[in-house]
Amino acid sequence: MQKLRLVNPTALFLPAIVLVLFLVTTRLPGSFFGAGIPTIPCPGHPPVIRNSTSAVAGRVPKGCDIFRGEWVPDDAAPYYTNRSCALIEEHQNCMKYGRPDLRFLKWRWRPEGCELPRFDAAGFLHAVRNRSMVFVGDSLARNHMQSLMCLLSKVEYPKDISPMKNQPAVTMYYQSHDFTLSIFRSLFLVKSNHSSSDGPWNLYLDEPDDGWLPFVSGYDYIVISGATWFSHPSMFYDAGGRLVGCQSCGVPGVPELGQRYSLRAAFRTALRAIANLEGFSGTAIVRTLTAASHFEGGDWDKGGDCRRTRPYAGNETRVAGKELDFYTAQVEEFNAAKEAARGRGVRMMLMDATAAMVLRPDGHPSRYGHWAHENVTLYNDCVHWCLPGPVDVWNQMLLQMLLAAS
């Protein structure tokens with residue numbers, strides 16, 4: 001694409017890192033947010049702190065591209081800590097587990113040609129008053145939502161109004177602003193199943209995942225994302241149930257179509273399903289993939305780690321190789337779906353976060369998402385993001401997108 005420059009494809013991309021998401025199922029049984037996370041951090045904590053910020057958030061100047069820029073030092077960061085927000089999952093709680101180099105918190109994203117206003121919790125809640133938002137995706141979508149809840153905790157803590165345990169969504173309610181925030185877990189966005197723990201996934205690339213699509217038409221905002229799981233060995237089926245190809249399956253006679261094929265097909269199916277979703281007249285926000293190549297010194301299961309302590313400068317790295325292929329496929333399918341949605345009154349917006357996040361190899365938990373003696377599937381986590389951390393910029397971007405659409 002025009003916005004991201006192609007570079008030498010020898011830049012690392014690690015297809016096998018998709019397996020790291022087993023960390024979530026290994027460490028966080030039961031609740032999608034993990035067991036034992038309180039809604040209010042301590043008894044008697046008021047649900048609203050009214051003296052935090054203004055009710056109307058600052059906006060970037062018209063025409064400023066908030067997705068292209070650089071990370072610059074910021075001594076005023078972060079917005080919160082693990083002491084002020086009780087909604088951080090264990091494996092993203094880098095402060096709790098003793099990360100020593102907290103300078104990674106002291107950066108902010110500065111777009112080219114303008115300044116990105118600091119996140120305004122009261123301004124965000126004012127913008128979404130009497131509305132609803134749902135995240136759809138994998139554990140990085142959850143990472144995104146938890147960042148948002150921590151940022152909003154400066155003003156209000158939500159009440160958990162999730163349906164019964166066997167229901168697909170986690171739902172939080174901000175009573176003072178009548179704002180509903182939900183998440184649906186969908187690894188591939190399309191229908192999928194897994195016949196055995198060590199076997200390939202079965203992906204039905206022409207069929208949207210009925211674990212989320214039938215439930216989201218009443219939301220005002222749908223924030224959809226995905227990428228990491230498409231690197232997992234998978235079998236691809238068409239709408240008639242016919243096997244058409246695979247990713248890393250090694251089955252004689254089955255064509256190797258690759259992960260870009262399945263990601264593109266899944267995004268096409270999911271986004272066009274939203275564009276044509278009966279009863280939906282809101283806004284769909286597509287977040288592009290975040291850097292998956294921050295492992296250095298080996299693969300995720302072969303000693304690879306992410307131990308850098310500062311961001312890259314803009315001239316030190318670029319999106320390249322298969323990550324660039326993924327990014328290109330996502331943007332192209334977004335553009336096609338946006339045209340299809342236009343005639344139905346459905347707005348589609350692109351949160352183009354890739355360029356910012358590829359510069360932050362320092363923002364992952366690494367070994368600081370667990371105690372040193374713990375035996376976990378992913379010892380060095382270079383996929384998820386510390387909270388607080390660089391991931392908070394997604395919600396600065398989200399706020400500006402909401403304001404631009406209002």
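Only a predicted model underlies this, so the values are computations on that prediction, with no experimental measurement involved.
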Query raised in the report: If every non-hydrogen atom of K96 is compared with every non-hydrogen atom of N82, which pair is closest and at what distance?
Result: N-ND2, 3.4 Å
Query raised in the report: Roughly how far apart are S153 OG and Y80 OH, rounded to 0.5 Å?
Result: 8.5 Å
**Report entry** Under 3.5 Å donor-acceptor, K106 side chain and D75 backbone
**Finding:** yes
Requested in this report: Indicate yes or no: at least one non-hydrogen side-chain atom of T283 is less than 4.5 angstrom from one of D220.
Outcome: no
Report summary line: On a heavy-atom basis, the closest approach of A356 and M397 is CB-CE, 4.1 Å
Query raised in the report: Would the number of heavy atoms belonging to other residues, nucleotides or ligands and lying under 6.0 Å from CD of E278 be above 12?
Result: no
Query - Candidate pair F280 and V346, rule side-chain contact (heavy atoms from CB on, under 4.5 Å), full reasoning - result: CA-CA 7 Å; F280 179 63; V346 173; 3.6 Å; yes
Query raised in the report: Is H232 close to L187 at the side-chain level, that is, under 4.5 Å between some pair of heavy atoms?
Result: no
Requested in this report: Hey, could you give me each pair passing disulfide (SG to SG under 2.5 Å) that has a residue in residues 321-362? Not counting sequence neighbours.
Outcome: none
Report task. Take Q247 and S234 through the side-chain hydrogen bond (donor to acceptor under 3.5 Å, both in side chains) test and state the conclusion after the steps. Result -> CA-CA 5 Å; Q247 150 69 18; S234 305; over 6 Å; no
Query raised in the report: Does the Y221 side chain pair with the main chain of L402, one donor and one acceptor, at a distance under 3.5 Å?
Result: no
Query raised in the report: Can you find a side-chain donor-acceptor pair between H144 and N395 that sits under 3.5 Å?
Result: yes
Report summary line: Output for pair (Q400 CD, D120 CG), nearest 0.5 Å, gives 10.0 Å
Query raised in the report: Checking R110 side chain against G69 main chain: does a donor-acceptor pair fall under 3.5 Å?
Result: no
Query raised in the report: Atom NE2 in H177, atom CD in E156: separation rounded to 0.5 Å?
Result: 6.0 Å
Query raised in the report: Stepwise, does the side-chain contact (heavy atoms from CB on, under 4.5 Å) test hold for D392 with L387?
Result: CA-CA 8 Å; D392 294 323; L387 293 176; 4.2 Å; yes
Query raised in the report: Do Y219 and S182 get their side chains close enough for a donor-acceptor pair, meaning under 3.5 Å?
Result: yes
Query raised in the report: side-chain contact (heavy atoms from CB on, under 4.5 Å) between M351 and F67: does it pass, once the steps are laid out?
Result: CA-CA 8 Å; M351 182 185 292; F67 305 121; 4.2 Å; yes
Requested in this report: Keeping the roles fixed (side chain from H364, backbone from H384), state whether a donor-acceptor pair exists under 3.5 Å.
Outcome: yes
Query raised in the report: Quick one: which of L398, I222, I224 gives a side chain to side chain contact (heavy atoms under 4.5 Å, CB included) with I285?
Result: L398
Query raised in the report: More than 12 heavy atoms of other residues, nucleotides or ligands under 6.0 Å from CZ of R260: is that the case?
Result: yes
Query raised in the report: So, S162 side chain and T171 main chain: donor-acceptor pair closer than 3.5 Å or not?
Result: yes
Query raised in the report: Between atom SG of C85 and atom CZ of R83, what is the distance when rounded to the nearest 0.5 Å?
Result: 14.0 Å
Report task. Report yes if the side chains of R99 and P365 come closer than 4.5 Å at any heavy-atom pair, otherwise no. Result -> no
**Report entry** Stacked cation flag R118 on Y79, 6.0 angstrom / 45 deg
**Finding:** yes
**Report entry** Minimum side-chain heavy-atom gap S147-W394 below 4.5 Å
**Finding:** no
Requested in this report: Would you confirm whether Q330, through its side chain, and S225, through its main-chain N or O, come within 3.5 Å as a donor-acceptor pair?
Outcome: no
Query raised in the report: R342 side chain to M348 main-chain N or O, any donor-acceptor pair under 3.5 Å?
Result: no
Report task. For atom CD of E256, decide whether the heavy atoms of other residues, nucleotides or ligands shown that lie under 6.0 angstrom number more than 12. Result -> yes
Query raised in the report: Among pairs that include at least one residue of residues 207-256, which meet disulfide (SG to SG under 2.5 Å), considering only residues two or more places apart or in two chains?
Result: C246-C249
Report summary line: Correct closest heavy-atom pair for G226 and D138 would be CA-OD2, 4.4 Å
Query raised in the report: Do you know the tightest heavy-atom contact between R272 and A336?
Result: NH2-CB, 3.2 Å
Query raised in the report: Does T288 reach the main-chain N or O of A353 with its side chain, forming a donor-acceptor pair under 3.5 Å?
Result: yes
Report summary line: When E115, Q396, E70 are each screened for side chain to side chain donor-acceptor pair (under 3.5 Å) with R108, the one that passes is E115
Query - Separation between CZ of F124 and CG of L151, rounded to the nearest 0.5 Å - result: 9.0 Å
Query raised in the report: Heavy-atom distance under 4.5 Å between the side chains of D362 and R103, does that happen here?
Result: no
Query - Value rounded to 0.5 Å, distance of CZ in R310 from CZ in R360 - result: 11.0 Å
Requested in this report: Over all heavy atoms of both residues, which pair between P252 and G250 is shortest? Give the atoms and the distance, please.
Outcome: CD-O, 3.6 Å
**Report entry** Backbone N/O of N143 and side chain of Q92: donor-acceptor pair under 3.5 Å
**Finding:** no
Query raised in the report: Is E333 close to V286 at the side-chain level, that is, under 4.5 Å between some pair of heavy atoms?
Result: no
Query raised in the report: If we ignore angles and hydrogens, is there a donor and acceptor under 3.5 Å between the side chains of R59 and S406?
Result: yes
Report summary line: With L213 as partner, the option from V190, L277, L189 fulfilling side chain to side chain contact (heavy atoms under 4.5 Å, CB included) is L277
Query raised in the report: What are the two closest heavy atoms between I274 and R344, and how far apart are they?
Result: O-NH1, 4.5 Å
Requested in this report: Please work out which of the three classes, parallel, tilted or perpendicular, describes the rings of H294 and W385, given edges at 30° and 60°.
Outcome: perpendicular
Requested in this report: Identify whether the distance between the nearest side-chain nitrogen and carboxylate oxygen of R68 and D352 falls below 4.0 Å.
Outcome: yes
Query raised in the report: Any side-chain heavy-atom pair from S262 and L205 closer than 4.5 angstrom?
Result: yes
Query - Heavy-atom donor-acceptor pair, W109 side chain to I66 backbone, under 3.5 Å - result: yes
Report task. Taking the side chain as every heavy atom from C-beta outward, state whether F267 and E332 have any atom pair closer than 4.5 Å. Result -> no
Query raised in the report: Does one side chain, of Y173 or D178, offer a donor that lies under 3.5 Å from an acceptor on the other?
Result: yes
Requested in this report: Go through D209 and F188 one step at a time and tell me if the side-chain contact (heavy atoms from CB on, under 4.5 Å) criterion holds.
Outcome: CA-CA 8 Å; D209 182 359; F188 299 98; over 6 Å; no
